[in-house]
Protein chains: 2
Amino acid sequence: MVKDIQEYGGCPVSATLKVFGGKWKPLILYFISVDVNRFGQLQRMMPGCSKRMLTNQLRELEGDGLIDREVFAEVPPKVIYTLTSKGESLRPIFRELSNWGKMNLLHQSDKN
Amino acid sequence: MVKDIQEYGGCPVSATLKVFGGKWKPLILYFISVDVNRFGQLQRMMPGCSKRMLTNQLRELEGDGLIDREVFAEVPPKVIYTLTSKGESLRPIFRELSNWGKMNLLHQSDKN
DNA sequence: CAGGATCCACGTCGATACTG
DNA sequence: CAGTATCGACGTGGATCCTG
């Protein structure tokens, strides 16, 4: 979790990437944004992500204020994850990253 | 280095982040973009990055087509790194990431 | 259901020494 | 100057078992 932007040599790009980068956070944010918002659901969508990993990543996203965690006092337990407005504000960035990836990584079976 | 976008569950966002994310790549790309383009210079700008790391990251960036590596047959050896057009095309993304970071990470000394 | 706790295998990375 | 090679410490993360 990001506490101080100075941690990254004062580079706001690195700091931002730290907040939602990594192997799972983009996917988690995407799924939550389309209302796949329960722990078990998320786990099923990302079989390669262990429970431990998923928990950690969710905690970090929560700590960085990108998602909310709402606990319902029921049996069995129920937890709902939703994007905060800060999380929502990443959407344009995601869109650009996605476009760039499709343009530059998908359509290049000729290279290499 | 990224060879297949499918490696990331088909998520173009993750794939793109893989290409220029991490602790050093954004900084390296930034410095190269402002003509800090020699190995030794880069090293001096990022004292926390070991030679081994710097070499690896430069090779990956080169392999992913974001930078060019030009070798001059001189003594002492001289190598110049420059952004490719593909590397240049990341600029708008960088700008947005930077803005987001400044807005959401820098101006929040109140939060924890 | 949604995790927490523990253990340990694995990969990553820094430090050091060496080279064209 | 711009790297490469090797070694070993360290952290990350999977597997497994346990809990409210």
Side-chain angles (χ1 to χ4, degrees), chain A residues 1-3 7-9 14 17-29 31-32 35-64 66-83, chain B residues 1-3 7-9 11 14 17-29 31-32 35-64 67-83:
Chain A
M1 171 177 165
V2 176
K3 295 196 181 110
E7 189 178 344
Y8 310 101
S14 296
L17 289 174
K18 185 84 176 181
V19 167
F20 74 89
K23 189 168 184 178
W24 300 112
K25 285 181 183 175
L27 288 168
I28 293 173
L29 290 172
F31 286 128
I32 291 179
D35 290 328
V36 177
N37 47 19
R38 303 200 46 187
F39 191 89
Q41 290 177 335
L42 289 169
Q43 215 182 323
R44 272 186 296 281
M45 299 303 288
M46 300 174 285
C49 182
S50 69
K51 287 204 306 189
R52 175 190 157 93
M53 249 299 99
L54 184 53
T55 302
N56 288 342
Q57 303 297 291
L58 286 170
R59 292 291 178 277
E60 290 192 13
L61 289 171
E62 187 191 1
D64 282 322
L66 300 187
I67 63 174
D68 270 333
R69 180 170 180 269
E70 189 179 1
V71 182
F72 295 82
E74 301 177 1
V75 176
K78 179 177 169 182
V79 176
I80 297 287
Y81 294 97
T82 51
L83 290 188
Chain B
M1 174 180 163
V2 176
K3 295 199 180 105
E7 191 179 341
Y8 310 100
C11 173
S14 296
L17 290 174
K18 183 83 176 180
V19 167
F20 73 90
K23 188 168 184 178
W24 301 111
K25 285 181 183 175
L27 288 168
I28 293 173
L29 290 172
F31 285 128
I32 292 179
D35 290 327
V36 178
N37 47 20
R38 302 197 49 183
F39 191 90
Q41 291 177 335
L42 289 168
Q43 215 182 324
R44 259 171 267 123
M45 299 304 289
M46 301 174 284
C49 184
S50 66
K51 284 202 309 187
R52 175 193 159 94
M53 250 298 100
L54 182 54
T55 303
N56 289 343
Q57 304 296 291
L58 286 169
R59 292 291 178 276
E60 289 191 13
L61 290 171
E62 186 190 1
D64 282 322
I67 63 175
D68 270 333
R69 180 172 181 270
E70 190 180 3
V71 182
F72 294 83
E74 300 177 359
V75 177
K78 179 177 171 184
V79 176
I80 296 286
Y81 293 97
T82 49
L83 289 188

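Labels below follow one simple rule: chain letters A, B, ... track the order of the sequence lines, proteins then strands, and each chain is numbered from 1.
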Taking [atom1] from [X] and [atom2] from [N], how many angstroms apart are they, rounded to a whole number?
| X | N | atom1 | atom2 | result |
| --- | --- | --- | --- | --- |
| B/Arg38 | D/dA2 | CZ | C1' | 9 Å |
| B/Leu58 | D/dG3 | CG | P | 7 Å |
| B/Lys18 | C/dT12 | NZ | C1' | 11 Å |
| B/Arg69 | D/dA2 | CZ | C1' | 8 Å |
| A/Gln57 | C/dG4 | CD | C1' | 16 Å |
| B/Ile67 | D/dA2 | CD1 | P | 14 Å |
| B/Glu62 | D/dG3 | CD | C1' | 13 Å |

Q) Hey, mind stepping through B/Ile80 and B/Arg38 against side-chain contact (heavy atoms from CB on, under 4.5 Å) and telling me if it holds? A) CA-CA 5 Å; B/Ile80 296 286; B/Arg38 302 197 49 183; 3.8 Å; yes
Q) Only one of B/Ile67, B/Val36, B/Leu58 clears side-chain contact (heavy atoms from CB on, under 4.5 Å) with B/Ile28; which? A)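 The option that passes is B/Leu58.
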Q.
If you define the side chain from C-beta out and look only at heavy atoms, does anything of A/Asp64 sit under 4.5 Å from A/Phe20?
A.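 Sidechains of A/Phe20 and A/Asp64: no contact.
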(Q) Taking the side chain as everything from C-beta on, heavy atoms only, tell me whether A/Ile32 gets closer than 4.5 Å to A/Tyr81. (A)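 Yes - at least one pair of side-chain heavy atoms lies under 4.5 Å apart.
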For [X] and [Y], which heavy atoms make the closest approach, and how far apart are they?
| X | Y | result |
| --- | --- | --- |
| A/Lys18 | A/Lys25 | O-NZ, 3.8 Å |
| B/Cys49 | B/Gln43 | O-CG, 4.4 Å |
| B/Phe31 | B/Leu42 | CB-CD2, 3.6 Å |
| A/Asp35 | A/Gln41 | O-OE1, 4.2 Å |
| B/Pro26 | B/Gly21 | CD-O, 4.1 Å |

Q | Under 4.0 angstrom between A/Arg59 side-chain N/O and C/dG3 OP1 or OP2 | A |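 The answer is yes; a side-chain N or O of A/Arg59 sits under 4.0 Å from OP1 or OP2.
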Q.
Any residue in residues 71-83 of chain B with a heavy atom nearer than 4.0 angstrom to DNA chain C? Just list them by number, or reply none.
A.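 Close to the strand are B/Pro77.
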Q) When you measure from every atom of DNA chain D, which of residues 39-53 of chain B have a heavy atom less than 4.0 Å away? A)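 Listed by number, they are B/Phe39, B/Gly40, B/Lys51, B/Arg52.
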Q. From the list C/dG14, D/dG3, C/dC1, which nucleotide is the closest neighbour of the side chain of B/Trp24?
A.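 From the listed options, C/dG14 comes nearest.
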